[in-house]
> 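The structure's right below; bear with me while I get my questions together.
Below, each value reflects all heavy atoms present in this structure, side chains not excepted, and no hydrogens, waters or symmetry copies.
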Amino acid sequence: GKEVLLPYYNALGGHLYIVTVITMALAAYSLMAANDLWLAGWVTDIETLSQEDNTSRAMGYIGFSFSQFVGVLLLSAFNSFRTTKAGRVIHDQTVTHILHAPMSWYESTPSGRILSRFSGDLSLVDHHFAFIVDDLCHFSCIILAFLVVIGMIVPQIIPVLIVAMILYGFQVLAVDRTNREVKRATNTALGPVMTLVQETVNSRALIHAMGFEDYFSNRMYGLMDQWSRYNYFSCSVINAGYTFVNTLAFLISVSSACVVLFNRQQFQNPAMVGVALGYSFLLPYFLGLFSMMCQMFLVSVTSLERILQYQSKEVPSDPAWHLPGDEKLAKDKWPLVGNVKYIDMSLRYRPNLPTAVNNVNLDIIGGENVGVIGRTGAGKSTLMVALFRLVDACNGKILIDGVDISNIGLQNLRKKIAIIPQRSLMLEGNIKHNLDPFEKYDDDALQNVLVDVNLCKNKRGAEKMLRLSIGPNSSSLSAG
């Protein structure tokens, strides 16, 4: 629908893109038709032309051919540039939106569903849209040029062309409506496959130890069978439409040939008739390609729709990352002391769940070491969840140096607090990349940090540690 294509249309450049493409395409393929008509006229008059006339006709033919080549090349280059930019815009907007999603959304959304959107669906938008949009521009103009030339030379075929185009449009719509639903089911069936792959990779040691290989293999076979069933049906629908288009184009070609054959006395210029017949015989090939491109485009639109769902209200957003008061806090060098105070703080993870902690009152002085002891589920981690505002408190408030953290932008708040999580995250690369993934500090500052926390005795040792490679999944580090 319009709401799906409009964001991509705007990312391409909107009305300016359409006007530019139509102008360039009409210019390029008008030159193609003019080139063939020029050649036909040259062949018709060749016996009466002098050597100089033949030379001028040859130069004109070369000029038309070269101009068409340049026009087609510029059109493809322009489409490539704009579709690449549009894919980048869609990707950036989607990633930005889900990065603003709260932790509760990630906890309730299967990871395979997110991975399928950013792998299979995004790949179709990034790679397929680029050449599909370009091919649609070229093939539509080629077919239009063929139809115009055939209609000009053999006007008796115009009624057949009108009926054929109506049937062709009906076929494209029918196949699209069927295949869209099937492709949506295909993409949905890919999510459980990706989730199972991730579960298997993360738990491979336990699976081997418990002997669950057959169980996971059978689950994968079942999920792959379900995905293959939908995908096969989708391919069958597209091939059926392609067969119908070939049949329709064949009828156009036969009709053109029959009109010329039975009314040959009416045509005085055999060369022009040859151009019309040549175009009519090429028409099935290009109509088939155009139909295939239309189906691929409409299938890719389904993938675009699934990606844009992650830009919609379907994905909730965190509170504001930046607030106007953050600049004043930065000038005041907040927090100076580090006093933390919980005042009647209550928190629930979802609206329909009971409170995880209820009316907590806690006063921690800056620089003080505090230990929280309790059984599993008592709410120890919930205190940190509330402090980092991974989930906002439903009652009460938390103050840091007298400032209510609900009035602070999330980015500013979380940058001022440090935590050592229960499960560490190590990035593949070296120690330097893990300490400073955004490359904000120089090597000297990083070396001083390693010495200050007693991981190295001196800066020479710190320099060597910064270059130490961690390897994939922290494989070079001991867990002992």
> Using a 3.5 Å distance criterion without hydrogens, assess whether the side chain of Thr96 forms a donor-acceptor pair with backbone atoms of Gln93.
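No: the side chain of Thr96 does not pair with the backbone of Gln93.
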
> Which of parallel (below 30°), tilted (30 to 60°) and perpendicular (above 60°) describes Phe286 and Phe146?
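Geometry flag for Phe146 against Phe286: perpendicular rings.
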
> Would you say the side-chain atoms of Ser140 pair up with the backbone N or O of Cys137, donor to acceptor, closer than 3.5 Å?
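The answer is yes, because a donor-acceptor pair under 3.5 Å joins these two groups.
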
> For the side chain of Arg467 and the backbone of Asn430, is there at least one donor-acceptor N/O pair under 3.5 Å apart?
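The answer is no, because no donor-acceptor pair under 3.5 Å joins these two groups.
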
> Could you measure the distance from the CG atom of Leu450 to the CG atom of Leu446? Nearest 0.5 Å is fine.
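One finds 7.0 Å between CG of Leu450 and CG of Leu446.
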
> Tell me whether Ser203 contacts the main-chain N or O of Thr200 through its side chain, where contact means a donor paired with an acceptor under 3.5 Å.
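Answer holds: no.
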
> Spell out, as yes or no, whether a donor-acceptor pair under 3.5 Å connects the side chain of Asp326 to the backbone of Gly409.
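Checking the backbone N and O of Gly409 against the side chain of Asp326, a donor-acceptor pair under 3.5 Å is found.
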
> How close do Leu308 and Ile90 get, counting heavy atoms only, and between which atoms?
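For Leu308 versus Ile90, the nearest heavy atoms are CD2-CD1, 4.2 Å.
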
> Looking at Asp318 and Pro102, what are the two nearest heavy atoms and their distance?
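Looks like OD1-CA, 3.3 Å.
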
> Asn239 side chain to Cys235 main-chain N or O, any donor-acceptor pair under 3.5 Å?
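Checked: pair present.
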
> Between Met224 and Val193, is there a side-chain heavy-atom distance shorter than 4.5 Å?
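Yes, at least one pair of side-chain atoms sits under 4.5 Å.
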
> To the nearest 0.5 Å, how far apart are CD in Gln447 and CD in Glu463?
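Here the interatomic distance stands at 5.5 Å.
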
> Quick check: do Met32 and Cys141 have side-chain heavy atoms less than 4.5 Å from each other?
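The answer is no; the side chains never approach within 4.5 Å.
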
> Kindly say whether His15 contributes a backbone atom to a donor-acceptor pair with the side chain of Tyr9 at under 3.5 angstrom?
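Confirmed, Tyr9 side chain pairs with His15 backbone.
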
> List in chain and number order the residues that pass ring pair (Phe, Tyr, Trp, His ring centres under 6.0 Å) with Phe297, two or more places apart in sequence or in another chain; answer none if no residue qualifies.
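In terms of ring pair (Phe, Tyr, Trp, His ring centres under 6.0 Å), with neighbours along the sequence ignored, Phe297 is linked to Phe129.
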
> Locate the shortest heavy-atom distance separating Ser312 from His97; write the atom from each residue and the value.
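What the structure gives for the nearest pair is O-NE2, 3.1 Å.
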
> Within a 6.0 Å radius of atom CD on Gln411, are there more than 12 heavy atoms belonging to other residues, nucleotides or ligands?
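Check passes, neighbour count above 12.
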
> Is the closest side-chain heavy-atom distance between Leu410 and Pro319 below 4.5 Å?
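Contact flag for Leu410/Pro319 side chains = yes.
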
> How about Tyr8 and Val301: do any of their side-chain heavy atoms sit closer than 4.5 Å?
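Result no, sub-4.5 Å side-chain heavy-atom pair not found.
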
> Hey, mind stepping through Asp36 and Val149 against side chain to side chain contact (heavy atoms under 4.5 Å, CB included) and telling me if it holds?
CA-CA 10 Å; Asp36 291 338; Val149 171; over 6 Å; no

> What's the spacing between Leu435 CG and Lys432 NZ if we round to 0.5 Å?
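One gets 10.5 Å once the value is rounded to the nearest 0.5 Å.
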
> Tyr106 versus Ile98: any side-chain heavy-atom pair under 4.5 Å?
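They are in side-chain contact.
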
> How far apart are the closest heavy atoms of Ala101 and Val315, and which atoms are they?
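In terms of heavy atoms, the two residues are closest at CB-CG1, 3.7 Å.
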
> Do you know the tightest heavy-atom contact between Val72 and Ala28?
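In terms of heavy atoms, the two residues are closest at N-CB, 3.9 Å.
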
> Any side-chain to backbone donor/acceptor pair from Arg389 onto Ile408? Under 3.5 Å, distance only.
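Here the side-chain-to-backbone pair exists.
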
> Do Thr94 and Phe118 make a side-chain contact, defined as non-hydrogen atoms from C-beta onward lying under 4.5 Å apart?
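Touching, per the 4.5 Å side-chain cut-off.
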
> Give every donor-acceptor pair under 3.5 Å between a side-chain atom in residues 213-220 and any protein atom, sequence neighbours left out.
| unit_1 | atom_1 | unit_2 | atom_2 | d |
| --- | --- | --- | --- | --- |
| Glu213 | OE2 | His208 | ND1 | 3.0 |
| Ser217 | OG | Glu213 | O | 2.8 |
| Asn218 | ND2 | Asp214 | O | 3.1 |

> Quick test of your reading: applying side-chain hydrogen bond (donor to acceptor under 3.5 Å, both in side chains), list the pairs with at least one residue in residues 55-82, sequence neighbours left out, ordered by first then second residue.
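Residue pairs with at least one partner in residues 55-82: Tyr17-Asn79, Asn35-Ser65, Ser76-Asp134, Ser76-His138, Asn79-Asp134.
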
> Rounded to the nearest 0.5 Å, how far apart are CZ of Phe78 and CE of Met24?
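Reported to 0.5 Å precision, the distance equals 6.5 Å.
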
> Nearest 0.5 angstrom please: Asp392 CG to Ile405 CD1, how far?
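CD1 of Ile405 is found 7.5 Å from CG of Asp392.
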
> Provide the closest heavy-atom pair for Leu26 versus Ser30 in the form atom of the first, atom of the second, distance.
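So the two residues come closest at O-OG, 2.5 Å.
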
> Side chains of Val148 and Tyr29: closer than 4.5 Å at any heavy-atom pair?
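Heavy-atom side-chain distance check fails, nothing below 4.5 Å.
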
> Between Thr188 and Arg306, does the side chain to side chain contact (heavy atoms under 4.5 Å, CB included) criterion hold? Intermediate values first, please.
CA-CA 9 Å; Thr188 301; Arg306 284 165 51 82; 3.6 Å; yes

> Report yes or no: does Arg414 contribute a side-chain atom to a donor-acceptor pair with the main-chain N or O of Phe388 at less than 3.5 Å?
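Judged by distance alone, yes, a pair lies under 3.5 Å.
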
> Measuring only between side-chain heavy atoms, which start at C-beta, is Leu12 closer than 4.5 Å to Thr83?
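Sidechains of Thr83 and Leu12: in contact.
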
> Got a second to check how far Asp121's CG is from Glu305's CD, nearest 0.5 Å?
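Here the rounded value is 10.0 Å.
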
> If we ignore hydrogens and angles and just use 3.5 Å, is the side chain of Asp436 paired with the main-chain N or O of Tyr441 as donor and acceptor?
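Side chain of Asp436 to backbone of Tyr441, a donor-acceptor pair under 3.5 Å: yes, one is there.
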
> Between Leu190 and Tyr230, does a side chain to side chain contact (heavy atoms under 4.5 Å, CB included) hold up when you go through it step by step?
CA-CA 10 Å; Leu190 183 62; Tyr230 290 121; over 6 Å; no

